[in-house]
Structure formats: C-alpha cells, structure tokens
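Being a predicted model, the structure only gives us computed values, none of them experimental.
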Amino acid sequence: MAQAKKITPRAQDFSEWYNDVIMQAELADYSPVRGCMVIRPHGYHVWELMQRALDDMFKATGHRNAYFPLFIPMSFLAKEAEHVEGFAKEVALVTHTRLKATGKTGAQAVMPDPASALEEPLVVRPTSETIIYAMFAKWIQSYRDLPLLLNQWCNIVRWEFRTRLFLRTTEFLWQEGHTAHATEAEAEAEARQMLGVYRTFQEQWMAMPVITGLKTESEKFAGALRTYALEALMQDNKALQAGTSHNLGQNFAKAFTVQYQTAAGGLEYVWNTSWGVSTRMIGGLVMTHSDDNGLVCPPRLAPVQVVIVPIWKSEEERGQVLEVGDKVKAELVKAGIRVELDARDSLKPGAKYFEWEAKGVPLRLEIGPRDVAAGQVMTARRAGGKAPVKLDGLARTVATALDEVQAGLFKAAQERREAHSIRGVTKQQFLEFMKGVGGFAYGGFCGSAACEAEIKQETAATVRVLPDPEFRSPEVPKTCMWCGKPSVAEAVWAQAY
RNA sequence: CGGGGCGUAGCGCAGCCCGGUAGCGCGUCUGGUUUGGGACCAGAAGGUCCCGGGUUCAAAUCCCGGCGCCCCGACCA
C-alpha cells in the first residue's frame, strides 16, 4: 500500500498542519531566500480569482488601477513622522547600483561596487502612501480633480523577523487603494465603503465570517487618523486581521502638500484614505476551512471546482467512461464551471481522490461503467457526502451543489466562531478564556492604552476591533472588564496572528 | 535577538554512541499485469552525507568553527 506524505493532524500541531496543507495542496513552497516564498500555480490561481472578484468591485465603486514605482526615495518615508516610525524597523534599502568582481571565488566573487553607492538610498516600498501622495500633489489642483480614486496591485517588502507562509513573508502581494477627497466626511465614507467591500468579498467569496470595526490607537496604521479592520477567527481560535481601511485625514496631504482650490477660491488640503488586502487572505482561507485531509476551498475561489475521475477496467470500458467524461466536462465548461478531467492511467482512482482532496476541489464526479450504464455520475463533496446524480441536467445540478457547498462553508465557519466567542466577560472569565482554548472575547473597555498594554502583557490578547454596531452585543457593557472604570466602547479581544 | 528541533538520493527518514565499500520507504524511468478509496511484479537510474578546518592508515560517524531551514517567544499585516 503506497501511502503518500501525511498531513500532521490539526489537533497535534496546528502550525505543522498549516504548513503541510499548503505544501500538499501545492499552494506555495519555500524559496532560497529567507522569509520569502514561491506562490505555486495552484496558489496563484486562488490569488487571481481573489484579484478578479475584488478588482471588479473596485471598478464598480469608481476606482481605477495604476502602478507606482517599487523604489521610494528614503527621504519620502521621513516626511510623515508617525509613518516613518512605524516602518523604520522593517524597510529594505537599495544602496548600490553595481557589482564588482573581487577575484575571489564562491559567494565572495562579487561585492557592491563602492563607486556606485547611491547618494540617497532607495527604500523598497513597504507601502506606497509617500510616493503616491507625492504624485497626487502634481495631479490635484482644483476641487474638480476630486475625488481621485486609485488602486494598485503590487508586491511590497517588509523585513520581518519571523515569517510564515502567506501570513507573514518578507515580500508579499497585495492591493493598495489610495484616494483623495475634498472633505473629511467624504474620506470617512470612502474608508467605510471599502471596508464594506472587503466584508462582502470575505463573506461571499471566501466564506469567511469577519467582524468589522475600529482599531485602537495602539493598533492603528502608522500615519492614519483612524484604522478600520476586518478580523476573522481561525480554527486554532486565534484572530487574523484580514484587511484594513484607513482614514488618513490630512496627515499625508500636509506632508506632501496635496492641496486644491475650492469653488470659493480658497486653498485646502485634501483628505486621504488607503485600504488594502493581501495574499495573507490565502492563509486565512486555509485556516478557516481546511481539515486533516488537506485544503478545503470555497467553490467561488477554487481553481478547480469540479474534478471528473473516470473509472475503468478494460480498454473497452476506458473508451466508454472517457467518452462520457469528455461530454460532461464540455457541458460544465460551457456552464462556466472550472473543471478538470483526470484521465491519467498511472494512478488508481483512490489515489486521485486523495490528491484532489488535498488540493481542495469542492466537488468530485466519479464516472465508472455502472454509472455509464445507468446514465448517471457519482458525486462526492469535499466536505462530505456522496450521491448519484442523473446526467440529464447535470450542469445545473452541479452549479446548485457548488452554491450549497459555498453556503455550507460560511455557515460552518460562522457557527464555529460563535461557539468560540464569549460576550460580556468579567476579568476572571477573560483570564480563564485566554488561558484556555481562546477565541473572541467581547467586553467593556475603558479605552486606556495602559489597560490595553497590561492585558496584552498578561494574556497575549489584544483589542482586535471596537466592533461596528451590527457586531455589538445586545447589552453594551457599562464598565471596563479589566479595570472596572466606565466603558467607552465594547471591545473584541483575541490572541492574534 | 533568546529557547527548542533538524540538515544523508526528488520527498520522508535510518545509519552517528562503538570510525572500515552509503542504506530503507515513497517517488521517477522501462516492461508487464492492474484500475468503484492511496495497485503489484521484475529491472534501472539517481549522492559534494550542509560548508570549512582538525584528529586518524581510514570520517556521514570523533573534535573545533561556520552556514542554513523549521517550530516557539519578543516586533509586525
């Protein structure tokens, strides 16, 4: 019996399980560069599906794509005080433009040519606020130029101490939206709107329930007025920040002199927003749905939504089942379903099942001689459940099944999250909860940074968000669950990635 | 940057204590038989044993020094 590499069970070691799922699903691989990963075709396809869905939504809300340089003059970072402080510890610098042969061999055969040292080093973008708003200053003169609604899809670099596939790598892919508005109210509406776009995407495409809300001062983006975020609960009961949307106020506008003339002839600074989601979402996808057999991928983001596995004994049967398999495939392709027919002769059907299950294919169709004779196929769902289905009207049956799977994953994830959430916690309950399995703890919060720091110190839990109204508890707590002083807001705490 | 684990065939590992021709499983290739939940038989290819020094007649193995990767913590999306 040929047993392939095993996936470490979640219950045994969650981190190992996570790595195993990614490797077995061929989403990504470690690269020769420390802290960087290679996104493999299967993983990149997931990203492309995410990009397509999000990009359509960005366009539908009036944004256009552009591309700004990877390199940013070092002095630009320094123009906004909080911003530079936030990123100073993790930027990569380009200091030379040439290599020089040393005459030595091996790794020391070349060195940076001292004669090519840059007068001002370039920063490899950790985010693009500075260079984008430098350009906005050129492009915006009048209130007629506003709002300016841009987005860019790109890679960025943040030099992290400790990295994890998709969740935190030195280089990663993301999108960053950057907008400029005439008024604070418009900027605020934009930041809120994009938070809503992300929520829709994460719930409806990723089948990942999220809590939206406001970040505290200590958790907000360096340089922002306010940061809104989406937080999801992973299967190990740790929270994952799945996206952020910032109201930048006029901080960058002032730093880069982005001004416009009002209708009345006055001169005003613009109000900016920025918002982003990254390949980190793929990590969230994995940790939300997958199981000990590998990746579980919601149909809307599955590179392969349906795999057809033909089963035969004789050459004659092979011809028969492949003929039906081809027809089924053509029918599903016509219906817009992403389908693969796995006609490989070198593997037994069972081996194929394991392989496609590890890759997260939501629905499998088995076609054997008995099915051909009965005018049916056997369907097997990745999340469980086998049933024969008539060939007649198959495309519609399959489409319906995929919708059911999509909805079922979201519901299951939502129920799991609720099962690991407690509301109206007391300090004692909070301590026990965070020491135990953990999850989302809702409680009153006095708003003081001192309380926040103390809680983090003692429990490793942080305020994930001050939740938006639709996520708040029916009874809003009146006192801080930690210090007992009057509460200024309900907060959601969790240990986080 | 601290703690733990590990570097031997594409992948997973054994061998190391006690130095003596580098092995096993999976995968790959060839041929044949197979195919409704990880097929079997026969044959074959595949190695700077992480790197550099040292000890020795002889080092994957012993000694010294590096490097790299994974996991856990501090920092962060």
Problem set entry | Within residues 300-323 of chain A, residues whose heavy atoms come under 4.0 Å of RNA chain B | A:Ile311, A:Trp312, A:Lys313

Exercise. Where along residues 430-439 of chain A does a heavy atom come under 4.0 Å from RNA chain B, residue by residue in number order?
Worked result: none

For [N] and [M], measure between their [atom1] atoms and round to the nearest Å.
{"N": "B:C71", "M": "B:C64", "atom1": "P", "result": "29 Å"}
{"N": "B:G25", "M": "B:G43", "atom1": "P", "result": "13 Å"}
{"N": "B:U21", "M": "B:C17", "atom1": "P", "result": "14 Å"}
{"N": "B:G31", "M": "B:C67", "atom1": "C1'", "result": "45 Å"}
{"N": "B:C26", "M": "B:C40", "atom1": "C1'", "result": "15 Å"}
{"N": "B:G47", "M": "B:G2", "atom1": "P", "result": "38 Å"}
{"N": "B:A45", "M": "B:U55", "atom1": "C1'", "result": "37 Å"}
{"N": "B:C13", "M": "B:G19", "atom1": "P", "result": "27 Å"}

Of the nucleotides [options], which one has an atom closest to the side chain of [X]?
{"X": "A:Pro349", "options": "B:C76, B:G38, B:U35", "answer": "B:U35"}
{"X": "A:Tyr30", "options": "B:C71, B:A74, B:G37", "answer": "B:C71"}
{"X": "A:Ser15", "options": "B:C76, B:A77, B:C71", "answer": "B:C71"}

Let's test this: given Watson-Crick or G-U wobble pairing with both distances under 3.5 Å, identify the partner of [N].
{"N": "B:C76", "answer": "none"}
{"N": "B:G31", "answer": "B:C41"}
{"N": "B:U48", "answer": "none"}
{"N": "B:C6", "answer": "B:G68"}
{"N": "B:G23", "answer": "B:C13"}
{"N": "B:U61", "answer": "none"}

With a 4.0 Å limit, can you tell me whether [X] has a side-chain N or O closer than that to the phosphate oxygens OP1/OP2 of [N]?
{"X": "A:Asn19", "N": "B:C70", "answer": "no"}
{"X": "A:Arg34", "N": "B:C69", "answer": "yes"}
{"X": "A:Lys348", "N": "B:G37", "answer": "no"}

Nearest whole Å is fine: how far is [N] [atom2] from [X] [atom1]?
{"X": "A:Glu231", "N": "B:C76", "atom1": "CD", "atom2": "P", "value": "15 Å"}
{"X": "A:Leu165", "N": "B:C70", "atom1": "CG", "atom2": "C1'", "value": "10 Å"}
{"X": "A:Ile22", "N": "B:C70", "atom1": "CD1", "atom2": "P", "value": "12 Å"}
{"X": "A:Arg370", "N": "B:U35", "atom1": "CZ", "atom2": "C1'", "value": "13 Å"}
{"X": "A:Glu171", "N": "B:A77", "atom1": "CD", "atom2": "C1'", "value": "15 Å"}
{"X": "A:Leu347", "N": "B:G27", "atom1": "CG", "atom2": "P", "value": "9 Å"}
{"X": "A:Lys89", "N": "B:A74", "atom1": "NZ", "atom2": "C1'", "value": "11 Å"}
{"X": "A:Glu85", "N": "B:C75", "atom1": "CD", "atom2": "P", "value": "15 Å"}

With a 4.0 Å cut-off on heavy atoms, is [X] in touch with a base, just the backbone sugar-phosphate, or nothing at all?
{"X": "A:Lys386", "result": "base"}
{"X": "A:Glu357", "result": "base"}
{"X": "A:Leu167", "result": "base"}
{"X": "A:Arg344", "result": "nothing"}
{"X": "A:Thr169", "result": "base"}
{"X": "A:Glu90", "result": "sugar-phosphate"}

Problem set entry | Carboxylate-amine/guanidinium contact A:Glu231 A:Lys215, below 4.0 Å | yes

Exercise. Salt-bridged, A:Lys456 to A:Glu219, with N to O below 4.0 Å?
Worked result: no

For [X] and [Y], I'd like to know if the aromatic rings sit close, meaning centre-to-centre distance below 6.0 Å.
{"X": "A:Phe252", "Y": "A:Tyr133", "value": "yes"}
{"X": "A:Trp275", "Y": "A:Tyr228", "value": "no"}
{"X": "A:Phe136", "Y": "A:His178", "value": "no"}

Using only atom types and a distance under 3.5 Å, with no angle test, would you say the side chain of [X] pairs donor to acceptor with the backbone of [Y]?
{"X": "A:Asp371", "Y": "A:Gly368", "answer": "yes"}
{"X": "A:His63", "Y": "A:Phe58", "answer": "yes"}
{"X": "A:Tyr44", "Y": "A:Ala28", "answer": "no"}
{"X": "A:His246", "Y": "A:Phe221", "answer": "no"}
{"X": "A:Thr244", "Y": "A:Ala229", "answer": "no"}
{"X": "A:Asn272", "Y": "A:Leu248", "answer": "no"}

Problem set entry | Whichever of A:Gln241 and A:Arg164 has its nearest RNA chain B nucleotide further upstream toward 5' | A:Arg164

Problem set entry | Nearest-nucleotide 5' precedence on RNA chain B, A:Pro369 against A:Phe172 | A:Pro369

Problem set entry | Per-pair stack call A:Tyr353 and B:G37, 5.5 Å, 30° | no

Seminar exercise, completed: Checking A:Arg364, A:Lys352, A:Gln24 against A:Glu357 for side chain to side chain donor-acceptor pair (under 3.5 Å), the one that qualifies is A:Arg364

Exercise. Around A:Arg344, counting heavy atoms of other residues, nucleotides and ligands shown, do more than 12 lie under 6.0 Å from its CZ?
Worked result: yes

Exercise. Does A:Glu355 get its side chain close enough to the base of B:G37, under 3.5 Å, for a donor-acceptor pair?
Worked result: no

